[in-house]
*Asks:* 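Below you will find the structure I want to go over with you.
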Amino acid sequence: MKSASRARSRTPSSIRQSVTIPAELAIEVERVARAKHLTMSRALVVLAQRGVEAEAAARKNLNATYRRFMAEADPERKGEAGTELIRAIFGKDAIAEDPIF
């Protein structure tokens with residue numbers, strides 16, 4: 001006979017969650033839902049999943065860039081790796097290209 005606590009310790013495959021989102025965001029989610037022929041709930045799930053995947057990819061890219069910067073010994077290549085690291089942290093437009101330098 002299974003114990004009741006063991007049955008309750010399982011995590012369900014999905015969890016019902018209620019959220020409140022700003023009106024402007026709701027309009028955009030509804031637009032995505034209509035364009036992809038999805039329900040609002042499913043559109044929220046798809047968009048949230050894409051966001052989580054994008055965060056994971058950005059974190060992976062940042063870690064790889066950091067490791068490259070730390071492993072580089074050549075000063076010129078280390079400078080290039082440092083520039084890439086700054087861009088990975090602060091964004092693509094973080095470093096302005098100055099023709100004087």
Side-chain angles (χ1 to χ4, degrees):
M1 188 162 127
K2 290 184 180 179
S3 69
S5 63
R6 185 177 184 121
R8 276 187 249 140
S9 67
R10 290 175 134 180
T11 303
S13 61
S14 62
I15 298 173
R16 184 171 175 80
Q17 186 71 47
S18 176
V19 296
T20 301
I21 60 175
E24 298 83 22
L25 183 57
I27 291 168
E28 289 300 313
V29 172
E30 185 175 14
R31 183 188 57 77
V32 169
R34 283 187 182 157
K36 297 187 181 265
H37 305 290
L38 302 171
T39 63
M40 286 284 287
S41 293
R42 186 66 189 149
L44 279 169
V45 170
V46 167
L47 292 170
Q49 185 62 40
R50 280 191 198 160
V52 168
E53 289 169 359
E55 287 267 338
R59 189 170 36 255
K60 184 177 178 182
N61 181 41
L62 178 62
N63 288 335
T65 305
Y66 173 74
R67 283 193 298 277
R68 178 176 170 237
F69 173 74
M70 294 304 290
E72 197 60 62
D74 179 39
E76 185 176 320
R77 296 179 98 191
K78 188 156 186 126
E80 292 171 4
T83 301
E84 287 181 31
L85 181 59
I86 291 169
R87 286 189 174 134
I89 294 170
F90 298 107
K92 300 272 185 220
D93 297 329
I95 299 176
E97 298 299 326
D98 194 347
I100 294 174
F101 294 111

*Asks:* Excluding sequence neighbours, so at least two apart, what forms side-chain contact (heavy atoms from CB on, under 4.5 Å) with Glu53?
*Replies:*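 Testing Glu53 for side-chain contact (heavy atoms from CB on, under 4.5 Å), a comparison that skips the adjacent residues, returns Gln49.
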*Asks:* If Ile, Leu, Val, Met, Phe, Trp and Tyr residues are connected whenever their side-chain heavy atoms lie under 4.5 Å apart, and connections chain through other members, are Leu47 and Val19 in the same group?
*Replies:*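 Yes, Leu47 and Val19 fall within the same hydrophobic cluster.
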*Asks:* Which donor-acceptor pairs under 3.5 Å do side chains of residues 35-42 form with protein atoms, sequence neighbours excluded?
*Replies:*
residue: Thr39; atom: OG1; partner: Arg42; partner atom: N; Å: 3.1

*Asks:* Out of curiosity, Ile86 CD1 to Phe69 CZ, how far, rounded to the nearest 0.5 Å?
*Replies:*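 Atom-to-atom, Ile86:CD1 and Phe69:CZ are 8.0 Å apart.
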*Asks:* Minimum heavy-atom separation for Thr65 and Ala81, please, with both atom names.
*Replies:*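 Closest heavy-atom pair between Thr65 and Ala81: CG2-O, 4.3 Å.
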*Asks:* Provide the full list of side-chain hydrogen bond (donor to acceptor under 3.5 Å, both in side chains) pairs with a residue in residues 68-80, sequence neighbours left out, each pair given once.
*Replies:*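 Listed by first then second residue: Arg68-Glu84.
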*Asks:* Using a 3.5 Å cut-off and no angle test, enumerate the donor-acceptor pairs between side-chain atoms of residues 21-33 and protein atoms at least two apart in sequence or in another chain.
*Replies:*
residue: Glu28; atom: OE1; partner: Arg31; partner atom: NE; Å: 3.0
residue: Glu28; atom: OE1; partner: Arg31; partner atom: NH2; Å: 3.1
residue: Glu30; atom: OE2; partner: Arg34; partner atom: NH2; Å: 3.0

*Asks:* Measure the spacing between CG of Leu85 and CZ of Phe90 and express it to the nearest 0.5 Å.
*Replies:*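 Reported to 0.5 Å precision, the distance equals 9.0 Å.
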*Asks:* Can you sort out the partners of Arg67 under side-chain contact (heavy atoms from CB on, under 4.5 Å), two or more places apart, ordered by chain and number?
*Replies:*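 Checked Arg67 against side-chain contact (heavy atoms from CB on, under 4.5 Å); matches are Asn63, Ala64.
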*Asks:* So which residues get pulled into Val52's cluster when ILVMFWY side chains under 4.5 Å apart are joined, directly or through others?
*Replies:*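 Once heavy-atom contacts under 4.5 Å are chained together, Val52 still belongs with nothing else.
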